[in-house]
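Residue numbering restarts at 1 for every chain, and letters A, B, ... go by the order of the sequence lines. What you see is a predicted model, and the numbers here were worked out from it, not measured in a lab.
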Amino acid sequence: MTQSLIEIKNLHKHFGAIQAVNGVDLNIAQGEVVVIVGPSGSGKSTVLRCINHLEIPSAGAVYIDGVHLEDRRTDINKVRAEVGMVFQQFNLFAHLTVLDNITIAQRLVRKRSRGEAEEIAMRQLERVGIPEKATMYPRQLSGGQQQRVAIARSLAMNPKIMLFDEPTSALDPEMIKEVLDVMLDLARDGMTMVVVTHEMGFARAAAQRVVFMDNGQIIEVGPPDQIFINPTHERTQLFLSKIIKH
Amino acid sequence: MPANRAAIPWRDFPWWLVVIILFLVLMALTLISDPNYNRAFTFIIGEPRSGTGTGITALVGKGLTVTVYTTLVAYVIALVIGLIAGLGRVSQNFVVRNIAITYIEFVRGVPTLVLIFTLALVVIPAAAQGLGLNLQSIPDNTRAILALAIIYGAYMAEIFRAGIESIPKGQMEAARSVGMTASQGMIYIILPQAIRNVLPALWNDFIAMLKDSSLVSVLAVRDITQMARLYAGSSFRFRETYLVLTFLYLSMTLILSLVLRLIERRTRIGGER
């Protein structure tokens with residue numbers, strides 16, 4: 001087996017008295033798509049946020065491409081440029097146009113020229129299917145369009161890894177598909193992805209592995225069909241019976 | 001019933017503005033027709049002095065110029081102090097944060113008039129001495145401007161802090177997630193949105209500062225208030241003097257607060273999602 005692109009070792013994270021993540025080990029290979037599911041408060045988002053150091057672990061270690069994130073000598077901004085993140089609430093920069101949203105980090109972090117950054121931005125906007133929105137402001141777009149811009153913003157940095165934190169949870173039902181289609185497309189292109197979501201259709205279509213978490217721990221890991229159809233653990237069965245309706 | 005009330009336009013008419021403008025027009029007419037008012041007015045705004053100095057120095061000494069100059073310069077310095085202290089106030093570094101809070105709470109806990117004395121007559125001379133500067137080389141006006149700026153810097157720091165805290169946390173997280181440093185996120189993502197949100201409050205402080213610039217008269221700086229006091233003291237025409245002074249401040253603040261209304265309307269339209 002080749003070296004993992006993401007290595008999570010014995011990860012712990014507590015917020016005050018609340019133990020959000022309690023000893024998680026997970027290795028993710030280059031090109032792999034991993035979906036993390038679990039009840040709310042199970043620590044799945046916290047694990048995801050530790051992968052780009054938005055949360056600082058209380059104990060344990062995260063390695064990206066062999067780089068230890070918690071090491072004080074690590075330039076975390078350099079790592080983050082390689083790890084894209086898509087948020088539940090989109091978090092587009094409200095004062096910037098769609099185009100500027102996608103170019104600003106390219107110019108500041110990747111030091112690309114305006115022309116080059118805009119060319120890349122337009123290419124990414126075409127990829128997510130809304131090049132005509134380039135001059136608009138985020139508030140003028142629908143939720144689904146905003147989320148697609150957020151994906152384009154991350155992709156423009158040419159990341160090695162893409163993290164998705166419940167990317168469709170804040171969307172109206174009719175907009176979920178347009179975002180999932182972009183993500184599926186990305187998975188087919190071989191992007192390494194870690195996705196926190198309840199969209200089982202996406203998991204079955206794109207994921208190599210599904211991770212089920214509860215109470216800050218990994219309960220079960222396996223291919224989507226195994227986890228969704230033949231879960232071995234009782235807690236997984238209980239959770240699935242709640243989210244699969246009828 | 002609200003619907004009914006809205007249907008009566010005369011209720012929404014800005015009558016207060018009519019009253020104020022009426023006062024201003026009456027005062028303006030009196031200024032033209034009554035030589036006693038006219039003399040007070042000319043003295044307060046300051047007669048152009050002939051042949052003394054050039055540029056700014058030729059203008060200093062005119063009452064109105066001193067008021068406007070003091071306000072503008074002190075405001076710009078206060079903006080810089082306020083932005084720095086406001087950033088310090090939200091800093092993760094507890095030393096920086098506590099220095100900022102100490103400054104802000106110290107200033108906010110003392111009346112402005114008292115602080116003007118303390119700063120201009122105690123703190124600034126002591127600081128000047130510490131820096132090895134000759135106190136005589138610092139004009140009264142400079143001390144007054146610095147005192148006003150230090151006072152308003154504390155109030156503006158709280159405005160900037162509120163503006164920064166009004167921006168959702170996700171904005172900084174998104175900035176950091178694409179590899180920006182914390183300062184890049186602050187400069188390019190948070191501050192542009194925060195400052196836009198607090199523009200009305202900042203402009204309001206400009207109006208407040210124009211009024212509070214009258215306090216520098218206690219340092220014998222010859223702004224319009226000090227000129228009025230000098231004129232009233234020598235002519236005993238208190239009514240004319242202070243009505244003219246009121247007229248001057250009110251006409252300036254009225255114009256500025258009408259501008260404020262425009263700013264508020266624009267930020268509200270821009271702010272809607």
Most chain B-contacting option - heavy-atom pairs closer than 4.5 Å, from [options]:
| options | result |
| --- | --- |
| I76(A), V83(A), I104(A), D75(A) | I104(A) |
| A105(A), P138(A), A156(A), A150(A) | A105(A) |
| Y137(A), F90(A), F87(A) | F87(A) |

Under 4.5 Å from any heavy atom of chain A, what part of Q184(B) do you find: side chain, backbone, both or neither?
side chain
Side chain, backbone, both or neither: which part of R110(A) has a heavy atom under 4.5 Å from chain B?
neither
Proximity breakdown for L92(A) and chain B, heavy-atom pairs closer than 4.5 Å
backbone
Donor-acceptor pair, H95(A) side chain versus Y188(B) backbone, under 3.5 Å?
yes
For atom [atom1] of [X], is the number of surrounding heavy atoms from other residues, nucleotides or ligands below 6.0 Å larger than 12?
| X | atom1 | value |
| --- | --- | --- |
| E132(A) | CD | yes |
| F94(B) | CZ | no |
| F106(B) | CZ | no |

Are the side chains of [X] and [Y] in touch, meaning some heavy atoms are under 4.5 Å apart?
| X | Y | result |
| --- | --- | --- |
| F93(A) | P192(B) | no |
| R49(A) | E173(B) | yes |
| R176(B) | L54(A) | yes |

Taking only residues two or more places apart in sequence or in another chain, which ones pass ring pair (Phe, Tyr, Trp, His ring centres under 6.0 Å) with Y103(B)?
none
To the nearest 0.5 Å, tell me how far N91(A) CG sits from I189(B) CD1.
11.0 Å
Just verifying a value: how many Å separate S177(B) OG and D165(A) CG, rounded to the nearest 0.5 Å?
11.0 Å
Grab the two heavy atoms, one from V178(B) and one from V109(A), that are nearest each other, plus how far apart they are.
O-CG2, 3.7 Å
Closest non-hydrogen atoms of Q171(B) and A94(A), given as atom of the first, atom of the second and distance, are OE1-N, 3.6 Å
